[in-house]
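The structure appears below as structure tokens.
Note that the structure is a prediction, hence the values are computed from the model and not measured.
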Amino acid sequence: MLKKFALGMAAASVALVPMAVSADGHKCTNDTWNKVMERGKIVVGVKADYKPWGYRNADGSLVGMEIDMAKDVAAKMGVELEMVPVQSSNRMQFLEQGKTDLFIATMSDRQDRREIVGIVGPNYYTSGTNVMAPKALGLTSWEDLRGKPVCGKQGAFYNQIVEERYGAQVIAFTGNAEAKQALRDKKCIAWVYDDSSIGSDLSSGQYDDFEMPLQSEDDNPWALAVPLGERNCVFGRFMSGMQFQWHQDGTLIELEKKWGIKPTQFLVDYNNRMKDWLAD
């Protein structure tokens, strides 16, 4: 408790210095950080419909991997936590409008998004391309798709990749529901899509006869975000430190295990890279 209090007080004292200058030359008002510390509560945007990263359990409570991360942020800051469900379509707008102070909501890190919200590194997770296939097929390699019909979604960039790289015959559908129904109807041997979405489906209990058997490819790292003006100021630096710590001490790997998420090499590599070289 004392450690958390000291951390919060130290960070707050830095934040309250008026108009400090960030590393990129912009003036730091630290308005959001100061607001959070003064009211004793942080409002975090999270997913409520993306199991197992953020969803509602049987009693309606928000749970999941990113929910646990949000709770840890509040605990380290020594403030209460309020979570606001967000969608991919509004998570950045909510942050811009001040409806949230921070969001941790399965967002891929892209340059255009960095121009709107304050994305700070290191990235905390990643998603990539994988397939959902019947367990009975026993797929073990991407080469198992060669010459075979594979369901996909129209417009997905990885359709062309799996065709050119592995010789799959992609049958593209207008929506995911149609593609997954075609898979159930055995019109294809697998459904190629983003592995986080596949993981969400496998965790739903509706696809017990299916699996995600391959090593994910073409990683697209995920990012959390603070307001753009605080990216290189106290709040941004604090959240960068949180992510570094999660990687270094293995927190993210443990959360993967807790929530039954298929282990990612991305987290293993980051954990190895950031370990204290003098630690046992």
Side-chain angles (χ1 to χ4, degrees), residues 45-57 62-69 85-92 103-110 113 123-135 137 139 142 145 149-163 166 168 170-185 187-224 252 255-267:
V46 296
K47 287 292 186 72
D49 58 355
Y50 210 84
K51 188 177 183 178
W53 286 273
Y55 66 101
R56 294 192 184 277
N57 64 11
L62 287 166
V63 296
M65 178 170 172
E66 291 181 332
I67 307 303
D68 285 350
M69 294 163 62
V86 297
Q87 302 288 335
S88 298
S89 59
N90 64 19
R91 57 195 168 192
M92 290 192 291
F103 70 74
I104 310 176
T106 69
M107 186 182 75
S108 297
D109 184 358
R110 297 204 316 244
R113 290 170 175 167
N123 299 105
Y124 68 90
Y125 203 70
T126 189
S127 61
T129 307
N130 211 315
V131 301
M132 182 163 69
K135 293 178 181 178
L137 291 182
L139 301 183
W142 284 95
L145 305 181
V150 174
C151 292
K153 182 180 179 181
Q154 290 180 6
F157 72 90
Y158 25 77
N159 293 344
Q160 183 176 356
I161 292 176
V162 297
E163 285 182 329
Y166 299 111
V170 176
I171 306 170
F173 294 82
T174 56
N176 290 339
E178 295 91 335
K180 288 182 280 189
Q181 186 57 51
L183 176 62
R184 289 187 184 276
D185 294 340
K187 295 180 180 178
C188 49
I189 68 165
W191 171 51
V192 61
Y193 202 61
D194 181 273
D195 59 3
S196 67
S197 182
I198 293 173
S200 180
D201 283 329
L202 294 176
S203 299
S204 70
Q206 300 177 28
Y207 294 90
D208 292 342
D209 295 330
F210 294 82
E211 63 180 350
M212 184 165 56
L214 308 182
Q215 183 70 40
S216 294
E217 297 191 345
D218 303 313
D219 282 343
N220 193 351
W222 291 9
L224 53 76
L252 297 173
L255 287 177
E256 267 190 331
K257 294 177 183 177
K258 174 182 176 179
W259 293 103
I261 300 170
K262 186 181 177 70
T264 56
Q265 190 63 40
F266 176 85
L267 290 188

Pro134 and Leu183 have their tightest heavy-atom pair at CD-CD1, 4.2 Å

By salt bridge (charged side-chain N to carboxylate O under 4.0 Å, His left out), Lys187 pairs with (sequence neighbours left out) none

In this structure, CG of Leu224 is separated from CZ of Arg91 (nearest 0.5 Å) by 12.0 Å

The single option from Ser200, Ser203, Ser196 that satisfies side-chain hydrogen bond (donor to acceptor under 3.5 Å, both in side chains) with Tyr50 is Ser196

Taking the side chain as C-beta and beyond, is there a heavy-atom pair between Ile161 and Glu217 under 4.5 Å? no

Shortest non-hydrogen pair, Met69 vs Ile104, comes out as CE-CG2, 3.9 Å

Taken to the nearest 0.5 Å, the spacing of Asp218 CG from Asp194 CG works out to 11.0 Å

Between Ala168 and Val150 the two heavy atoms that sit nearest each other are CB-CG2, 3.9 Å

Taken to the nearest 0.5 Å, the spacing of Trp191 CH2 from Lys153 NZ works out to 8.5 Å

Residues at least two apart in sequence or cross-chain that pass salt bridge (charged side-chain N to carboxylate O under 4.0 Å, His left out) with Arg110, listed by chain then number, are Asp112

Working note: Tyr207 + Lys180, criterion side chain to side chain contact (heavy atoms under 4.5 Å, CB included); need CA distance, chi angles, decisive distance, verdict.
CA-CA 10 Å; Tyr207 294 90; Lys180 288 182 280 189; 3.4 Å; yes

ask   = Any donor and acceptor pair, going by atom type alone, linking the side chain of Thr126 with main-chain N or O of Asn220 inside 3.5 Å?
value = yes

Evaluate the side-chain proximity of Arg56 to Leu62: yes if any heavy-atom separation is below 4.5 Å, no if none is. yes

Applying ring-ring contact (aromatic ring centres under 6.0 Å, His included) to Tyr55 and not counting sequence neighbours gives none

**Asked** Quick one: does Trp259's side chain get under 4.5 Å of Lys51's, heavy atoms only?
**Response** no

OH (Tyr125) and CH2 (Trp53) are apart, to the nearest 0.5 Å, by 5.0 Å

Taking the side chain as every heavy atom from C-beta outward, state whether Asn123 and Trp222 have any pair of such atoms under 4.5 Å apart. no

Query raised in the report: For Thr264 and Glu256, what are the C-alpha separation, side-chain angles and deciding distance, and is it a side-chain hydrogen bond (donor to acceptor under 3.5 Å, both in side chains)?
Result: CA-CA 9 Å; Thr264 56; Glu256 267 190 331; 2.9 Å; yes

With Met212 as partner, the option from Asn130, Asp201, Val131 fulfilling side-chain contact (heavy atoms from CB on, under 4.5 Å) is Asn130

Any donor-acceptor pair under 3.5 Å from Lys135 side chain to Pro213 backbone: no

Interatomic distance, CD@Glu178 vs CD1@Ile171, rounded to 0.5 Å, equals 14.0 Å

CG of Leu139 to CE of Met132, rounded to nearest 0.5 Å, is 12.5 Å

For Trp142, the ring-ring contact (aromatic ring centres under 6.0 Å, His included) test, sequence neighbours excluded, returns Tyr166

ring-ring contact (aromatic ring centres under 6.0 Å, His included) filter on Phe173, not counting sequence neighbours, yields none

>> For Gln265, I'd like to know if atom CD has over 12 heavy atoms of other residues, nucleotides or ligands within 6.0 Å.
In response: yes

Tightest non-hydrogen contact, residues Ala133 and Ala190, listed as CB-CB, 4.0 Å

All heavy atoms of Gly155 vs all of Asn159, minimum pair found to be N-ND2, 4.3 Å

By salt bridge (charged side-chain N to carboxylate O under 4.0 Å, His left out), Asp109 pairs with (sequence neighbours left out) Arg114

Taking Thr106's backbone N and O only, do any of them form a donor-acceptor pair with Glu66's side chain (distance below 3.5 Å, no angle check)? yes

Note: Met65 and Leu252 closest approach over all heavy atoms is CE-O, 3.8 Å

